[in-house]
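First comes the structure, then the notes that go with it.
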Amino acid sequence: MDHKKSRYPFCIVWTPIPIITWICPLIGHMGIAMSSGVIRDFAGPYYVSEDEMAFGKPTKYWQLHPEKAQGGRQGYDKGVSEASEIYKTRMHNLFCDNCHSHVACALNTMQYDGSMSWNMVLNGNRKAE
């Protein structure tokens, strides 16, 4: 991890959203980093940012394990890239198609931990067939 450069290889990252997170601390903005540590986040309608999160640098991160992605490191990066391409064509919706959905899409695409059931609350409890 390189906190100064905001590089978080194989991580889901989170940052607070001003005012909203102050009122409800569970709500924040999420992204997912490539193997290089470059973060991608669904930052608004038809826009996935790269290397500059919409609400600032990450304040929390969760380390993922590339060997849990189908295809290992390459499968992991492919999943993040494919999800980003999908979300570049989507309208942002605060309640049902947002940054959390983008991360879940990446996890489902790479079949992280054998699951294709990741969702906005990142519950990948069912294994892929």
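Side chains are part of it too, since the values below use all heavy atoms of this structure and drop only hydrogens, waters and symmetry mates. Residues: numbered from 1 along the sequence shown.
The two residues M34 and S81 have their closest heavy-atom pair at CE-OG, 3.5 Å.
The salt bridge (Lys or Arg N to Asp or Glu O under 4.0 Å) contacts involving residues 25-38 comprise nothing, where partners must be two or more places apart or lie in separate chains. Sorted by first and then second residue, the salt bridge (Lys or Arg N to Asp or Glu O under 4.0 Å) pairs with a member in residues 34-61 read R7-D51, R40-E50; sequence neighbours excluded.
Clustering of Ile, Leu, Val, Met, Phe, Trp and Tyr by side-chain heavy atoms under 4.5 Å joins I17 with I20, I27, F55. Other members of the cluster containing V38 do not exist, because no ILVMFWY side chain is joined to it at under 4.5 Å. Through side-chain heavy atoms spaced under 4.5 Å, either directly or across other Ile, Leu, Val, Met, Phe, Trp or Tyr residues, I23 is tied to I19, W22.
The distance from the CE atom of M116 to the CD atom of Q111 is 5.0 Å, given to the nearest 0.5 Å. Atoms CD1 and CH2, on I12 and W118 in that order, are 7.0 Å from each other to the nearest 0.5 Å. The NE2 atom of H100 sits 11.5 Å away from the CG atom of N119 when rounded to the nearest 0.5 Å. Atom CG of residue L107 and atom CG of residue L64 lie 6.5 Å apart, to the nearest 0.5 angstrom. From S49, atom OG reaches atom CD1 of I39 across 8.5 Å, with rounding to the nearest 0.5 Å. For the atom pair CG (D113) and CD (Q70), the distance works out to 12.5 Å, reported to the nearest 0.5 Å.
For F10, the ring-ring contact (aromatic ring centres under 6.0 Å, His included) test picks out Y76, with sequence neighbours left out. Here T109 pairs with E82, C105 under the side-chain contact (heavy atoms from CB on, under 4.5 Å) rule; sequence neighbours left out. Partners of S84 according to the side chain to side chain donor-acceptor pair (under 3.5 Å) rule, which considers only residues two or more places apart in sequence or in another chain, are H102. Contacts of D77 classified as side chain to side chain donor-acceptor pair (under 3.5 Å), with partners at least two apart in sequence or in another chain: S35. Evaluation of the side-chain contact (heavy atoms from CB on, under 4.5 Å) rule for P9 yields M1 as partners, not counting sequence neighbours.
Looking at S115, its side chain never comes within 3.5 Å of a backbone N or O of Y112 through a donor-acceptor pair. Under a 3.5 Å cut-off, the side chain of N108 and the backbone N or O of S117 do form a donor-acceptor pair.
Residues Y8 and W14 are members of separate hydrophobic clusters, defined by side-chain heavy-atom contacts under 4.5 angstrom among Ile, Leu, Val, Met, Phe, Trp and Tyr. Under the 4.5 Å side-chain heavy-atom criterion for grouping Ile, Leu, Val, Met, Phe, Trp and Tyr, Y46 is not connected to F42 through any hydrophobic cluster. A continuous path of Ile, Leu, Val, Met, Phe, Trp and Tyr side chains, each step under 4.5 Å between heavy atoms, connects Y61 with M53, placing both in one hydrophobic cluster.
You'll find the side chain of M30 stays beyond 4.5 Å of the side chain of V13, heavy atoms only.
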Open item on the list: Set out, in order, the CA-CA distance, both residues' side-chain angles and the distance that settles side-chain contact (heavy atoms from CB on, under 4.5 Å) for K78 and M110, then state yes or no.
Closed with: CA-CA 7 Å; K78 183 179 178 189; M110 69 179 77; over 6 Å; no
Contacts under 3.5 angstrom, residues 87-97 side chains, donor-acceptor by atom type, not counting sequence neighbours:
residue : atom : partner : partner atom : Å
Y87     : OH   : D97     : OD1          : 2.8
K88     : NZ   : E85     : OE2          : 3.0
T89     : OG1  : I86     : O            : 2.6
R90     : NE   : D97     : OD2          : 3.1
R90     : NH2  : D97     : OD2          : 3.4
N93     : OD1  : F95     : N            : 2.8
N93     : OD1  : C96     : N            : 3.1

